[in-house]
Number of protein chains: 2
Amino acid sequence: MRRYSQQTRILCAVDCIIFGYDGIDLKLLVIQRSFQPFKGKWSLVGGFIKSTESAEDAARHILKDLTGLDGIYMEQLHTFTNVQRDSVERTISIAFFALIDIQKYRQQLSEDFHPVWFPINQFPELIFDHTQMVELAKEKLRYKAAQHPLLFELLPDKFTMPQLQNLYESVYNITFDKGNFNRKIISTQLLTKLKEKDKLSSKKGAFYYKVDTKKYNASAHSFLNFIPRPTVLSQSIK
Amino acid sequence: MRRYSQQTRILCAVDCIIFGYDGIDLKLLVIQRSFQPFKGKWSLVGGFIKSTESAEDAARHILKDLTGLDGIYMEQLHTFTNVQRDSVERTISIAFFALIDIQKYRQQLSEDFHPVWFPINQFPELIFDHTQMVELAKEKLRYKAAQHPLLFELLPDKFTMPQLQNLYESVYNITFDKGNFNRKIISTQLLTKLKEKDKLSSKKGAFYYKVDTKKYNASAHSFLNFIPRPTVLSQSIK
DNA sequence: TCAAAAGTGTTCACAGTACACCCATGC
DNA sequence: GCATGGGTGTACTGTGAACACTTTTGA
């Protein structure tokens with residue numbers, strides 16, 4: 001029965017799986033702990049939930065402290081509650097995954113941590129069940145980005161179609177036909193074409209686009225079907 | 001920093017959003033509390049997490065106690081952590097949603113609770129943030145069942161195509177063309193056609209099908225696209 | 001024989017794919 | 001002018017939607 005007074009109170013943490021994209025690979029931000037216990041071990045960024053804040057508040061604070069950025073895309077991933085998951089004390093952890101523009105991040109390095117970006121497929125061993133958290137976050141990112149306009153969060157304010165296509169190709173490890181990709185993205189009407197071109201990666205130059213914030217916010221929850229469904233039978237792997 | 005000893009310990013609960021289907025409507029199972037605090041108020045089934053069990057263990061126990069059933073479909077929905085959500089004491093709640101075969105359930109009524117099935121669109125006011133939990137669970141059920149073979153969990157071991165179609169129509173509140181629906185379901189190859197017919201709802205009778213458990217388990221995580229995507233523009237509402 | 005529900009067949013439109021082709025520009 | 005990457009045009013194909021049609025059987 002619900003007898004409050006007789007129940008166990010449990011230590012509650014949040015941990016953040018932070019993704020970034022450097023133009024080539026999808027990256028994961030982890031920190032090397034500079035304090036005990038487990039000093040020197042790699043870990044996700046995290047912290048304990050205070051009595052005055054929700055898990056979302058806690059995660060936001062952590063992200064702000066680490067990156068200096070407000071308004072980072074962030075959502076609850078899963079809550080990890082195995083009795084043995086934390087070897088110091090029984091702790092449950094509410095995991096969040098976050099997407100940030102790696103360029104904005106670079107400008108502001110927090111000194112309290114020692115954060116390092118690793119390619120999403122080559123990151124070091126992490127403490128506790130953090131590796132499992134990352135794997136789940138990767139799955140969820142792929143799952144969700146297949147139908148929702150999510151990956152824009154990883155790009156700068158203006159970006160080109162080839163850049164966007166590269167991002168999708170990195171995330172899914174498949175190649176897309178550029179013509180079909182362009183048309184599909186354009187057809188969502190979520191982007192505004194700018195007059196300016198990026199001339200760094202080609203002679204002709206590629207037009208910049210930016211997210212149409214109004215439409216983006218309005219459609220963030222609807223289905224968009226960016227990625228061909230893996231219908232179990234046929235899928236073109238890179 | 002991660003100083004374990006100085007941190008707040010928090011009361012942790014699980015709450016279960018239990019769905020059933022009676023052949024006509026999607027139903028929600030709630031209990032009327034027979035104990036203080038909030039005696040007489042409607043509430044989701046729940047309980048506190050013990051120091052010796054995970055949230056999943058706790059949820060499984062609660063479901064078992066309530067329904068007498070093992071192996072119920074169940075998954076984590078979301079963790080609710082607002083500081084003010086529980087008016088007795090700051091409590092976080094890990095919400096689970098569960099799908100059960102309402103027929104099996106009927107055979108075994110637990111006396112410890114006073115459970116009542118309500119139609120999913122007409123349930124009473126619930127304590128704390130339980131209404132919000134139910135709304136989120138409805139959303140997730142619709143979202144997930146659109147692509148995963150999930151709704152079979154709500155049906156008896158053998159069922160007919162018209163029954164399955166009715167279930168989908170209740171969940172999404174749209175009507176499907178029976179021909180197209182049949183073909184779509186058959187094409188998944190997840191069902192085995194039985195020789196037996198159900199003759200209760202028509203003169204001709206409809207063949208029973210059962211889930212091919214092997215294929216079902218294998219494909220539970222792949223995309224199946226049961227429901228036409230609401231492409232923002234066109235959708236046939238009942 | 002007729003009504004009612006189960007189940008099949010057929011047409012049509014359109015989205016997704018593949019791929020050929022044109023464009024702009026630096027060297 | 002030619003190589004390179006950006007971008008457009010187009011034909012083909014398979015899936016999903018619409019709906020007409022056949023089947024079965026109880027009353």
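Labels below follow one simple rule: chain letters A, B, ... track the order of the sequence lines, proteins then strands, and each chain is numbered from 1. Since this is a predicted model, take the numbers as computed values, not measurements.
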Exercise for review: Nearest-nucleotide wise, let me know which of A:D177 and A:G205 is further upstream toward the 5' end of DNA chain C.
Suggested key: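 Result: A:D177.
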
Check your understanding: Where each residue is assigned the nucleotide of DNA chain C containing its nearest heavy atom, which of B:P162 and A:K197 is assigned the position nearer the 5′ end?
Key ->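 The residue mapped nearer the 5' terminus is B:P162.
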
Point to revise | Within 6.0 angstrom of B:K140 NZ, more than 12 heavy atoms from elsewhere | key: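 Correct, the count exceeds 12.
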
Point to revise | Sugar-phosphate only, base, or nothing, as touched by B:S201 at under 4.0 Å among non-hydrogen atoms | key: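 Sugar-phosphate contact only.
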
Review point. Within 45° of the ring axis of B:F207 and under 6.0 Å from its six-membered ring centre, is that where the NZ or CZ of B:K193 lies?
Key: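 So B:K193 does make the cation-pi contact.
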
Check your understanding: Toward the 5' end of DNA chain D, which comes first, B:K178 or B:R183, by nearest nucleotide?
Key ->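 That would be B:R183.
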
**Study point:** Minimum side-chain heavy-atom gap B:F123-B:W42 below 4.5 Å
**Key:**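 They are not in contact (no side-chain heavy atoms under 4.5 Å apart), so the answer is no.
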
Separation of [N] [atom2] from [X] [atom1] (nearest whole Å):
X	N	atom1	atom2	result
B:Y168	D:dG16	OH	P	14 Å
A:N182	C:dG16	CG	C1'	15 Å
A:I185	D:dG6	CD1	P	15 Å

Point to revise | Closest nucleotide among D:dG7, C:dG7, D:dA17 to the B:N180 side chain | key: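 Selected nucleotide: D:dA17.
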
Exercise for review: Consider only side-chain N and O atoms of B:S93 and B:D15, and report whether a donor and an acceptor are under 3.5 Å apart.
Suggested key: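 Yes.
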
**Study point:** A:K204 vs D:dG7: side-chain N/O to OP1/OP2 distance below 4.0 Å
**Key:**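 Checking A:K204 against D:dG7: no side-chain N or O falls below 4.0 Å of OP1 or OP2.
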
